[in-house]
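Here the structure is laid out as structure tokens; the discussion comes afterwards.
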Amino acid sequence: MPATKKQQGSGGSALKRLRKSLTAAGVVGQQAKASRSKKNRKRGLPTEVGKNSTSDKLSVIRDEFNPFEIKTERTKFDVLNRKVKGTGGKPALNKQVGEENRKKTLLMEMRNKGHVGGIVDKRFGENNPQLTPEERMLERFTKEKQKNAKANMFNLDDDDEEMGLTHYGQSLAEMDDFDDTGLRLSDDEDGRGGQLDRNIVSQMHFGGFDDNNKTDENEDNDRPKSRAEVMKEIIMKSKLYKQERQAAKEEDETMREDLDEDFKDIQALLNTQSTKRKPLVSQSALFTRNEAENPKEEKEEEEEEETNKYKDYDIMVQELTRDKRAMATDRTKTEEEIALEEKEKLEKAERARKRRMEGLESESEDEDNKRGGRGRKRQKKGVNAPQGDDLEDDYLEDLEDEASKLGQGLTLEDIQSGALDEDDEDEEDSEIDEEDEEEEEGSDEEEEEEEEENYSDLEEDDIPEFGDDDEDDMNEFGTSGIVKKASKSKGKQSSKTAQQNGTKPEIPYTFECPATHEEFLEIMNGLDVDDAPTVVKRIRVLYHPKLGPDNKAKLTTFLGVLVDHLGYIASTVTPLPQKTLESLIAHTFEISKQLPTAAGNVFVTKLKEMHGTMGQKMNQRQGSTFPDIEDITLLRCLGKVFPTSDLTHPVVTPATLYMSQALALCRIQSEIDIGRGLFLCLLFHEYQTFAKRFIPEVLNFLQQALIILSPKDLFNDEEKIPGAFPISNNHNVSLHIKDVISEDTKEIPSITLEQLGIESVDEDESNILRLSLLQGVLRLLAQYLQLYASTPALVEVFEPLSNLITQMLTVSWHKNIEELLNKLQDRLKKQIKFCKDKRIKTPLRMQSHRPIPIAQHLPKFEQGYSYDRHYDPDRERSEYNKLQSQIKKEKKGAIRELRKDNMFIAREKVKERKQKDAEYDKMIKGVMTILETDQAEKKRQEREKRR
Amino acid sequence: GVVDFKETRQKIRSLEASLSDKANLNNVVQLMEFINSSNKANAQVIHAAMHALHRVFSRFLTNGDLDQPNDPSSATAKVTLWLLGQFANYVKRLRQLLSDDEPGLQVPALKILMTLVKTQSEHTNKMANDQLQPIVFAMVWNKNLSAPLHKEWMEKYVNAYDDVRYHFYRHTADIMTKTAEKNEKKKEEIRRLAHNVFSMVEGITSMPTESSELDEFYIELPEIKKYMALKNKGGNGDDMEEEDEDALLLGDSGLISDEEEEEVNNKGKVSKKKDRKKTPVLQLDHHKRVFQSCWIALLKLPLTEEIYKKTLLILHKRILPHLREPRFLMDFLTDSYNVGGSVSLLALNGLFILITEYNLDYPDFYRKLYTLLDRDVMHVKYRSRFFRLLDIFLSSTLLPANLIAAFIKRLARLSLTAPPAASVIIIPFIYNLLRRHPICMKLIHKNDAVGEKEDPYNFDEQNPYETKALDSSLWELQTLSQHYYSNVSTLAKMFSEKFLKPKYNLEDFMDHTYSTFFKTEIERKRKKEPAMAFEQPGSCEWTI
């Protein structure tokens, strides 16, 4: 409102302005009618409120021109761009609005006060005084509609009807071109006539579109011509054009057919466009077929015929489009390229490992997956377009296609010959060649292990072989024919397997995939322990994830079984079947690679179990608390399956924590405990080969073991034992070596894992065992010294050990031990000296970055500083202040409202009382008048009587 | 057996019923026979008889049949005396049952004994200490202090009621001092006594710190009732005490004679004098006194190492605040601190309170503290507790830098053999110390062109001021940044970054163990599948 006022205010005196606004509103002047034109209405003149009746308009204008209704506050200083709230306003209007609102709400409440009962009308908007009855009904209607609409949301039929425009039930959206529908809007019809014609055509042909008609009617209404005239004109024109068009259509038809003929000739030239766009003929045919799919819509017979005519062609087109196109294939790779690829893959994997070791997100991990995915895709493509050297793959493809048959199809012969074994193991695997080559190059010993080695043939998707001699591999690629080699190795293998089968009980060829370890043991019943890898391999062949949808789940459970079996073999079979274990570990590795998540879960549950039992044993304080052979084997397998060099790894980190806890907290009670601890140290060494992380527990344990095993009087005074490792108070057990020299033993045997399965040791064997334990300790210490050769605190870590060994060397030892001690001492001295020398050159400088700047306390300069804004640097405080001010504001507002409410109530009460008083007065007056008249009558009669 | 028991129970019932008539008093003897029978087979019988007799005697008690007769020669007096004898026997038997090996008998015996104490005291309007003292005696010397009995005794009585606790402390202190003085008992018995007493006093958690907390009484003697009524009226105890003080200021109550005072009391005015005369159960000071005498008597007994450590463990929180004169424990604590090892660690806490709040001067405190950092300290259970205190002791910025450097260097050295849980504390601890003492920054950053060949720091030196640690370098921290546990290594890496953080909150790093680490690691949410090794596993080492 103030804006309009200002606008008008610029136009001279008040009287002029009044006149102007009156004319604008159309109250006075000639243009009263015309002013209602659309244009003006769009511009918003006069104000919309007063367009209905003259009195309304006048009241609006009056309000606008009443200066007493507008409150303006003079500002002392005008500041540019400053907006101060509350300088202008309409108190009277506001007051009135408030009054009315109160009348609607508060007054009603007041009147209903104390009233009990009645019907509560809960219909929508019934109690809302702001809504007119019409609006109310409209709201209710829309609500109901919405409710229904929700229920029908997924009804496709409804969608069709409501969402798209149709003509004769045929969606208009599908008719992207009107050429064939009979609605012809030719290009030659132009100008105004053309426009009109469109209207007519749409009227004639789309007779059902009421909306269009309506708008037309509206427009027609405004025209000076009468409706009848217009209609007549339209009909005439339309008839005329219809005739013309029919003629033109025929002409066009012939012309187009000619063009079509010609078009085929130049189609080749326009190749790019035309291939995308379907040929017109077929388009129409498709269109009709589309219609044919809706049985409700009956088609005309001639169209039917046309359909038949093009049907074959259409079918063919369809088939062709659905057919997979021949893709460009990779060229057959040369040996160098394959080798290079392998090398790159390895390098990439190594990079990823290094990143993880530093605790960074391995960028290549995702990449790896992607790459894997791509690789797999490529291999799938390969199925369609076999490469030149994929000789066996064709055969394999068939196998894979008929995966279901494979189970039974696996015959004795196949497996004996070893061909199938290998063949369906490697599936689309082209690396078999390489692998075979490797085998070829391997020594005889490797050939013997071929049975075990075969696992690696399985599923070599993208991760390559990492044999001992892979480097040689790279160099010797291409020295000889691949195919030949493959067959050669196969032959070898077959002969070997035949041999095996001759001597050993026959292993079944198909099994149920064992879901529990018991089931697996049933399978293994009667078989040799060493057959386990073969069985596992066959299970893996039978239940390869690619051969069946539920094989993945089966293999997942089987992985758990396999891990169980690993532990089972390690803890039950003596002597320890090392080769079997190794090959089983390798199988676990392979399956895990296929199912990383499952492998993670399996090992995590195992770890939890192990940790739990260790805790229990520690609480019970009896028996050996150290992880037993089974646990050690599982931990070893874990270290092979997962990368142990990662900074954090969901499986390896808990495993290392578990191991270090065992080393740190388990009480050493016997030689067996020390032995198990030593194996844990060995495992740790294997784990840390790459990352070389520092493990205090290992060194503590090893040095403790030294103390425990040394002769009793060597380290009598606990105070004087060098080093800071804790000395556990195992006074109850004495494991000191009694016969230090032990002349009758020539060589001290190494500690083996299977020695540690028992719980107690015979007295007479204990001395040798202790000696070999000591030997193990010393060997491990030497290994760790090598591992930590570059650690910065080498002096601090190993100097006490050096002192310890010096003290140990005061006694004469068995020659093996003596030798080890001397060697270790030499190396210690050398390395410590080396480290000290290095320190002279490079003192410790950990803070070699730029010095930290002194904190500044200058006020911060704000660009475009405004007094009204708050620049509190303390976020919390500023939020708090904001909320406080909001509360204050709201409180004030609420108080004001309440005050107004009270005033209103008081006013209403006064009004009510006054009304009551008035009624009473009136009643009294009435009564009085009656009485007065009566009295008067009475007096009059008395007077008359008197007379 | 079952039939037998039912018959006996029936008999007990009929006997009990017959006792409502005074003529059949001799039936008490029969009931006593039941209760005195050997307990092995018929615990149930004893149980039934026990309760029957309890009902009988409590009726006698409330009726006044067991009051001391005025005229000992009369016939009724003789009956009463006989009855009193029977009652004494009964109570004695009950006390025996407290050390029965059947908890099912111990607990009801205790209940009955305590109820009898209550009935007797309320009948005579006097605390029946002659009853309670033997109960306490039986409890602390108990050979079979079973868990249910212990629980019952602690939860229902000692911990629940202020007066029972008061008398318990009083009697226990008495018993222990007497035992220590007489020196008759065997060592084992004394050890049992100490064990029992400790297990009880350790469980007492309701020791008040304000006199207003004295609000639960087992035996509501008239005086206590009055006190409670007053208290409820007055709102709370604080108000009352203020009133007391006002009264003291206004009127010179010392001049009022006893008679007058009684008058004053009758008038309902409360005066300090009256407060002093108040029964000891209502005075916090007396509670503290008995508490203190009990503990000191206990600490004089020969204690096992376990009890000794446990005492030190609760000393600073549960014992020192309630002592009337905490200085009494000075010698005990300094001796404990000098023992070395974990005992010293535990004593440190109590010593700290004495030093800070009671002005104890401990010579060479830091030297001793430094020697506490021995090779085992990182591996003991109480290491977090120790570090909390160490943090407080080393929090002053006014400590000499060479002392601080010695501590830093020693901690760093120990971290090379420490479990990850300890390393995780040591690293932020060193960080905080370095922040507080910037001179020590040269430990991690040497500006000299040439380094030292031999480490000047002497690890074996006991005096922290002479270790020359300030000239050394913290190579250990660099090795720690290669620690196998990523939490430790990442923490250690912060020493080579800018020192921007003002301080680490040590509380975040306390109280970890291998198991907590293991748990967090293994339960960590795994978003993506675990990374797999890419190297084909080769052959393994099966021998060492």
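Hydrogens, waters and symmetry mates are skipped; everything else that's a heavy atom, side chains included, is used. A quick note: this is a predicted structure, and the numbers were derived from the prediction, not measured. Labels below follow one simple rule: chain letters A, B, ... track the order of the sequence lines, proteins then strands, and each chain is numbered from 1.
Between the side chains of B/E497 and A/Q847, no donor-acceptor pair is found at a separation under 3.5 Å. Checking B/Y484 against A/E697 by side-chain atom types alone, a donor-acceptor pair falls below 3.5 Å. B/S486 and A/T648 share no donor-acceptor pair across their side chains, judged by distance under 3.5 Å alone.
Of all residues spanning residues 460-474 of chain B, those with a heavy atom less than 4.5 Å away from chain A's heavy atoms are B/S473, B/L474, arranged by number. Inspection of non-hydrogen atoms places B/L414, B/L416, B/T417, B/A418, B/P419, B/P420 of residues 414-424 of chain B under 4.5 Å from chain A.
Residues forming a side chain to side chain donor-acceptor pair (under 3.5 Å) with A/T752 (at least two apart in sequence, or on another chain): A/Q755. Residues passing the ring pair (Phe, Tyr, Trp, His ring centres under 6.0 Å) test with B/Y382: none are found, sequence neighbours excluded.
Judged by a 6.0 Å distance limit and a 45° cone about the ring axis, A/R353 is not positioned over the six-membered ring of B/F534.
Comparing A/P792, A/P696, A/S772, A/A664 by heavy-atom pairs within less than 4.5 Å of chain B, the highest count is held by A/P792. Taking A/E796, A/K692, A/Q775 one by one and counting their heavy-atom pairs under 4.5 Å with chain B, the maximum is reached by A/E796.
Heavy atoms closer than 4.5 Å to chain B are found in both the backbone and the side chain of A/I721. At a 4.5 Å heavy-atom cutoff, A/T644 makes no contact with chain B through either its backbone or its side chain. Using a 4.5 Å cut-off between heavy atoms, B/F499 contacts chain A through both its backbone and its side chain. The contact between B/S489 and chain A is made entirely by side chain atoms (from C-beta outward), counting heavy-atom distances below 4.5 Å.
A/H611 and B/F518 have parallel rings, their planes meeting at less than 30° on a 0 to 90° scale where 60° marks the start of perpendicular.
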